[in-house]
Amino acid sequence: MKKLFDGIKKDMKFKTAGPGKKLTDDTSTKPDVVQSGSGARPNRHGPSEGSQRAGAAALARIEQIPRPKVGTSQDAIRNQVKRELEAASLAEKDKAESEERSKVPVIAPACLSVSGVYFTCPLTGATLAKSEREVHIKEAILMRFEEDPVEASVMMIHTFNKDRDKVKAAIDIMSKYIENICKNPTEEKYRKIKLSNKVYQEKVRSVEGSREFLEALGFTSIMLPVEGKEEDEEFLVLLEYSPDALELIQERRDRLQRGEPVRAQLDRQPQVFRSSPNAQRFELPPEFYNMTSEELKKEQLQRSELVEKNTMLRTKVMREKEEQRERRKYNYTLLRIRLPDGSLLQGTFYAWDRLPVLFAFIRESLVDGWQPFELIAPGGQKLQESEEVALAECNLVPAALLTFAWDAAVQADIAAAGGKSPALLKPSLLETIRTLS
């Protein structure tokens with residue numbers, strides 16, 4: 001069995017995206033455009049035969065093809081899972097490559113301020129490129145069936161289905177199944193779900209992971225006679241309905257209702273650089289932009305008109321609309337923070353991350369993160385940690401250099417007490433300090 005998922009892992013190698021070509025700017029604070037990417041593979045263990053069957057069944061429903069029967073051979077399961085994962089991976093890769101080709105030409109990765117935008121899988125800890133996220137998370141969830149089929153099926157329902165209204169409707173119906181069983185445990189009709197039932201077909205069956213969840217509760221597929229019909233029909237039947245079993249399915253229902261989608265988390269890629277005159281130079285991969293190469297060229301031409309436009313009298317509404325259009329161009333932002341000793345702390349953020357997220361990132365990087373400090377944005381704007389304002393709204397996209405300063409009053413008190421200035425960054429960050437090229 002282990003050979004099956006070892007084969008899958010070999011086929012799921014993470015590719016490195018191509019490099020990107022620089023797009024220069026008339027201003028010193030705007031970034032250039034480049035492209036690159038890489039990833040890491042997690043260490044995983046092969047599933048049991050039961051896990052393989054659950055994974056094969058889930059993949060079958062993902063593509064709406066017939067589910068493998070219980071008697072399916074190991075080779076057939078292996079080939080089915082492998083084909084589905086390879087097809088999904090190839091589709092994601094082709095889509096990503098097509099999108100990147102339509103954006104900006106590429107240059108050598110060594111010239112980039114950051115090699116790409118990466119994410120961390122919360123289930124495996126693997127580092128992933130943007131195009132790898134969906135396939136990897138699906139694979140990780142399916143492999144979780146061996147450990148906890150209830151948890152895995154809940155993850156499937158909340159993660160594999162994009163329509164949140166459909167998910168809620170399915171959860172409500174399955175919760176009603178459970179409620180009726182618990183209220184009437186001896187009533188056989190409440191412990192049977194007719195799979196040809198219209199409500200089940202329209203509201204439950206169409207949601208990936210719903211059948212896996214019902215089976216994890218203890219429902220078993222049984223062919224039963226139906227009045228007025230010559231052939232038997234398939235039912236899901238709950239055979240075990242003891243008080244302990246009923247209490248358990250209620251607890252599992254609560255887990256279903258509390259479930260959340262599994263989402264890859266943005267890897268901020270914290271990096272420290274020595275003091276450098278190139279601190280304001282940014283060369284970014286195309287993932288940072290929501291624009292094609294033609295749109296970027298057009299933007300350059302428009303910037304040449306910016307000075308003239310700023311001299312014109314414009315209403316507040318006109319300015320706000322223009323700023324909103326500008327902010328929508330960016331997905332991510334690369335921020336550098338110049339520290340008192342001249343060193344630079346760098347991190348990647350969503351353009352819509354709010355100021356408290358930025359302050360938290362800095363505090364987590366400091367030895368004495370509890371001490372108050374100030375952040376000064378380009379132009380002298382003082383950023384406030386308590387303000388729930390998006391980075392894009394502070395004009396900190398697609399890249400910016402900020403200035404860090406300890407709170408002067410607190411530092412004066414420390415000096416008066418004979419204390420020393422606090423150490424800045426944590427040793428783990430300083431171990432990887434680099435020179436900014």
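Positions are given from 1, in the same order as the sequence printed here. Just so you know, these numbers use all the heavy atoms, side chains as well, and skip hydrogens, waters and symmetry mates.
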Legend entry - Heavy-atom side-chain contact between M156 and F145 under 4.5 Å: yes
Which atom pairs, one a donor and one an acceptor, fall under 3.5 Å between side chains of residues 358-365 and the rest of the protein, sequence neighbours left out?
residue, atom, partner, partner atom, Å
R363, NE, E385, OE2, 3.2
R363, NH1, G369, O, 2.3
R363, NH1, Q371, O, 3.0
R363, NH2, E385, OE1, 3.0
S365, OG, F361, O, 2.9

Inset, instruction - Quick one: sort the F404 and W406 rings into parallel, tilted or perpendicular, breaks at 30° and 60°. - result: perpendicular
Side chains of residues 184-192: which donor-acceptor pairs under 3.5 Å do they make with residues two or more places apart or in other chains?
residue, atom, partner, partner atom, Å
N184, ND2, N180, O, 3.1
R191, NE, P185, O, 3.0
R191, NH1, L238, O, 3.2

Inset, instruction - Taking salt bridge (Lys or Arg N to Asp or Glu O under 4.0 Å) as the test, write out the residues that go with E247, two or more places apart. - result: none
Inset, instruction - Indicate the atoms forming the closest heavy-atom contact of E208 with F160, along with that distance. - result: OE1-CB, 3.3 Å
Inset, instruction - Return each pair, listed once, that meets salt bridge (charged side-chain N to carboxylate O under 4.0 Å, His left out) where at least one residue sits in residues 375-384; pairs must be two or more places apart or across chains. - result: E374-K382
Inset, instruction - Over all heavy atoms of both residues, which pair between V367 and L425 is shortest? Give the atoms and the distance, please. - result: CG2-O, 3.3 Å
Inset, instruction - Verify whether the ring centers belonging to Y332 and F349 lie closer than 6.0 Å. - result: no
Legend entry - Residues that Q346 engages under side chain to side chain donor-acceptor pair (under 3.5 Å), provided they are two or more places apart: R336
Legend entry - Those residues that, when tested against E240, pass side chain to side chain donor-acceptor pair (under 3.5 Å) (two or more places apart): S242
Legend entry - Minimum heavy-atom distance between V154 and G259, given as atom pair plus value: CG1-CA, 4.0 Å
Inset, instruction - Mind checking salt bridge (Lys or Arg N to Asp or Glu O under 4.0 Å) for K229 and listing every partner two or more places apart, or none if nothing turns up? - result: E233
Legend entry - For K198, all residues meeting salt bridge (Lys or Arg N to Asp or Glu O under 4.0 Å), sequence neighbours excluded: none
Legend entry - Nearest atoms (heavy-atom pairs only) where T124 meets H136: OG1-NE2, 2.9 Å
Inset, instruction - Could you tell me whether the side chain of D407 and the main chain of F373 form a donor-acceptor pair under 3.5 Å? - result: no
Legend entry - All side chain to side chain donor-acceptor pair (under 3.5 Å) counterparts of S206, not counting sequence neighbours: none
Legend entry - NZ or CZ of R205 within 45° of Y200 ring axis and under 6.0 Å: no
Legend entry - Minimum-distance pair of heavy atoms, taken over all atoms of P378 and L396: CD-CD2, 4.1 Å
Inset, instruction - Among K130, E132, K138, find the residue that satisfies the side-chain contact (heavy atoms from CB on, under 4.5 Å) test when tested with E134. - result: K138
Legend entry - Expected output: side-chain H158 to main-chain L256 donor-acceptor under 3.5 Å: yes
Inset, instruction - Provide the full list of salt bridge (charged side-chain N to carboxylate O under 4.0 Å, His left out) pairs with a residue in residues 255-268, sequence neighbours left out, each pair given once. - result: D148-R255, R268-D353
Legend entry - Verdict with reasoning, Q265 to T120, per side chain to side chain donor-acceptor pair (under 3.5 Å): CA-CA 5 Å; Q265 301 162 352; T120 302; 5.9 Å; no
Inset, instruction - Determine the minimum heavy-atom distance between L402 and A377, stating which atoms define it. - result: CD2-CA, 3.7 Å
Inset, instruction - Establish, from distance only, whether the side-chain atoms of S113 and E283 form a donor-acceptor pair under 3.5 Å. - result: no
Between side-chain atoms of residues 167-178 and protein atoms elsewhere (two or more places apart, or another chain), which donor-acceptor pairs fall under 3.5 Å?
residue, atom, partner, partner atom, Å
K168, NZ, D172, OD2, 2.9
S175, OG, I171, O, 2.8
S175, OG, Q257, NE2, 3.0

Inset, instruction - Using atom types as modelled and distance alone, determine if a side-chain donor or acceptor of Q269 lies under 3.5 Å from a backbone N or O of G116. - result: yes
Inset, instruction - Taking D163 for its side chain and D165 for its backbone only, find out whether a donor-acceptor pair lies under 3.5 Å. - result: yes
Inset, instruction - For L248, check side-chain contact (heavy atoms from CB on, under 4.5 Å) against everything at least two apart and list the hits. - result: E251, R252
